[in-house]
**Q** 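What follows is a single structure, and I will ask about it in a moment.
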Protein chains: 2
Amino acid sequence: MVDFRYAQLCPVARACELLASRWTLLIVRDLFAGPLRFSDLQRALPGISTSVLAERLAHLEQRGVVERRELPPPAASSVYALTETGRALRPALIELVRWGARFMGASRPDDHLEPRWVPMGLEAMARRGPSPARSVEVRVRTGHEPLVLRVLGGPTGTRVCHEPGPADAVLEAEPRALLALAAGLLTADQAVAAGQALIQGDPAALGDFSGLFEMNLQPSDPTP
Amino acid sequence: MVDFRYAQLCPVARACELLASRWTLLIVRDLFAGPLRFSDLQRALPGISTSVLAERLAHLEQRGVVERRELPPPAASSVYALTETGRALRPALIELVRWGARFMGASRPDDHLEPRWVPMGLEAMARRGPSPARSVEVRVRTGHEPLVLRVLGGPTGTRVCHEPGPADAVLEAEPRALLALAAGLLTADQAVAAGQALIQGDPAALGDFSGLFEMNLQPSDPTP
DNA sequence: CTGCATCCGCTTCGATACTG
DNA sequence: CAGTATCGAAGCGGATGCAG
């Protein structure tokens, strides 16, 4: 794949030359939540081989999408981070999440789910039209410290914000449960009953939680 | 590639399973301008092999992104068209065009350019903030009938519209020249002088043409 | 002519083993 | 921890064949 080129004068073709090989866009997605080490990426991408990961990172670095940073002495290691050009992919990635979300219905229960994917998932599925004027602090369970964000509804749409602040209610839940809640496949009460969530604060705000998002699941797999 | 799956519960991974193989997204891009026959696609995708094109189309059809339509008797042929699910990719594709456009600076002059790519390109590069209150009818030269669209500036951004209507000026040009004009790499007068364009109407509107678009070219290839 | 299927030589992928 | 080396398997591009 070394330096494959489509013989096309087209921005989509240029983007595909950089991104449309196996694993590549998933590496970029993982780096959107912050810099990662080689082995962190390997863990987050079950099935990738070391050689392919090394090759993808080298190419993304060469093309200016990713940069390598050496950490200061105590941590004798280096991390990979998105460059400005890489971060500019955010709108495209958000739209791809919105599109790909319709295929999440056919859930494959053994699939891996990184907690760090949840914030971008919620941001992508945030309702763009008027949504309930509620604010919910969402705490994504990670096994260690939860990821904290706030989901804010309003007349101009739902926003997802990473800074702390006041909220009508707090919802702490497993990554899977959060996605199901946002998709409206589950209610907060059901998630609590199943031990996948803890809630505090205004029950009405939590009842409106799925109203803060929009999701268009595919009816079902067309040909199984 | 037959039915490769990432073991990830993530919309980006689901989308990549469908789209992130070589040629696949370019097929979708070409179908956005309307249904095409197998051989039309082959012509628009120089370098693709017949077997890969057939396989990609079969997969896209199976996954519900593309559908095959049999044309009525006189034309004993069939065409491929996007389904509703396929058309839902438009926002993602637009954002990918915006991102990929920054790599168009390193122009490879022998690259193929389909006139049908131009409308989506202009739509993607349309300025999103306030733009000059001008309307320009754009006629993309194709070798046969030109593709006609209108570019409309205004305080809420530039819109690209496919219906005919009044315009301050008319700009008929080669596909390459149109992209260069939108990118601000060329002025209308220069394009005319080079025989790549014809203009009519308000010269001021044409002078503002590149102001209707925004493009952020990469400074240069980071490592050649 | 259109829409593939088949075969061949080359590239890429995934899994494992190994090294600084 | 962060890769490189290696090898069988799968994918790809190009040519050819062939049915409708």
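Each chain gets a letter, A, B and so on, in the order its sequence line appears, and its residues count up from 1.
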**Q** Taking everything shown except B:E145 itself, do over 12 heavy atoms lie less than 6.0 Å from its CD?
**A**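 Open: at most 12 neighbouring heavy atoms sit under 6.0 Å from CD of B:E145.
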
**Q** Between B:Q42 (CD) and D:dG13 (P), how many Å, whole number?
**A**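 B:Q42 atom CD is separated from D:dG13 atom P by 12 Å.
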
**Q** For the pair made of CD in A:E55 and P in C:dC13, what is the distance, rounded to whole Å?
**A**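 The answer, rounded to whole Å, is 6 Å.
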
**Q** Would you call B:R90 and A:E95 a salt bridge, using N to O less than 4.0 angstrom?
**A**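 No, this pair does not count.
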
**Q** What I want to find out is whether A:R116 reaches A:D40 closely enough, with some N-O distance under 4.0 Å, to be called a salt bridge.
**A**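 Judged by the 4.0 Å cut-off on N to carboxylate O distance, A:R116 and A:D40 do not form a salt bridge.
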
**Q** Starting from P on C:dC13, measure out to CZ on A:R22 and report it in whole angstrom.
**A**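 It works out to 7 Å between those atoms.
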
**Q** Give a yes or no on whether the backbone of A:V65 and the side-chain of A:T83 come within a donor-acceptor separation of less than 3.5 Å.
**A**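 Present.
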
**Q** Round to a whole Å and report the spacing from CG of A:L53 to P of D:dA2.
**A**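 Spelled out: CG on A:L53 to P on D:dA2 is 10 Å.
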
**Q** If you only use heavy atoms from C-beta on, which nucleotide in C:dC13, D:dG13, D:dC1 is closest to the side chain of A:V52?
**A**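 The answer is C:dC13, which lies nearest to the side chain.
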
**Q** Can you tell me if the side-chain N/O atoms of A:R68 get under 4.0 Å from OP1 or OP2 in D:dA2?
**A**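 No, no such contact exists.
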
**Q** With a 3.5 Å cut-off and just heavy-atom distances, do the side chain of A:T50 and the base of D:dT4 make a donor-acceptor pair?
**A**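 Checked by distance alone, the answer is yes.
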
**Q** Does the side chain of B:W23 get closer than 4.0 angstrom to OP1 or OP2 of D:dG13 through an N or O atom?
**A**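 Result: yes.
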
**Q** In whole Å, I'd like the distance from the CD atom of B:E70 to the P atom of C:dT2.
**A**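 It works out to 16 Å between those atoms.
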
**Q** Assuming nearest nucleotide by heavy-atom distance, tell me which of A:S49 and B:Y80 is located more 5' along DNA chain C.
**A**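 The residue closer to the strand's 5' end, by nearest nucleotide, is B:Y80.
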
**Q** Any side-chain N or O of A:R56 less than 4.0 Å from the OP1 or OP2 oxygen of C:dG14?
**A**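 Answer is no, no contact under 4.0 Å.
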
**Q** Take atom CZ of A:R5 and atom C1' of C:dT11, then tell me their distance rounded to the nearest Å.
**A**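 In whole Å, C:dT11 C1' and A:R5 CZ are 18 Å from each other.
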
**Q** Are OP1 or OP2 of C:dG3 and a side-chain N or O of B:S39 less than 4.0 angstrom apart?
**A**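 Yes.
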
**Q** Starting at CG of A:L45 and ending at C1' of C:dC13, how long is that distance when rounded to a whole Å?
**A**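 Spelled out: CG on A:L45 to C1' on C:dC13 is 15 Å.
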
**Q** Looking at A:E172 and A:R141, is any side-chain nitrogen of the basic one under 4.0 Å from a carboxylate oxygen of the acidic one?
**A**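 Looking at A:R141 and A:E172, the cut-off is met.
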
**Q** Nearest to the A:S51 side chain among C:dG3, D:dG13, D:dT6, which nucleotide is it?
**A**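 In terms of side-chain proximity for A:S51, the closest of C:dG3, D:dG13, D:dT6 is D:dT6.
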
**Q** Whole-Å distance between D:dC1 P and A:L57 CG?
**A**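 Whole-Å distance recorded here is 16 Å.
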
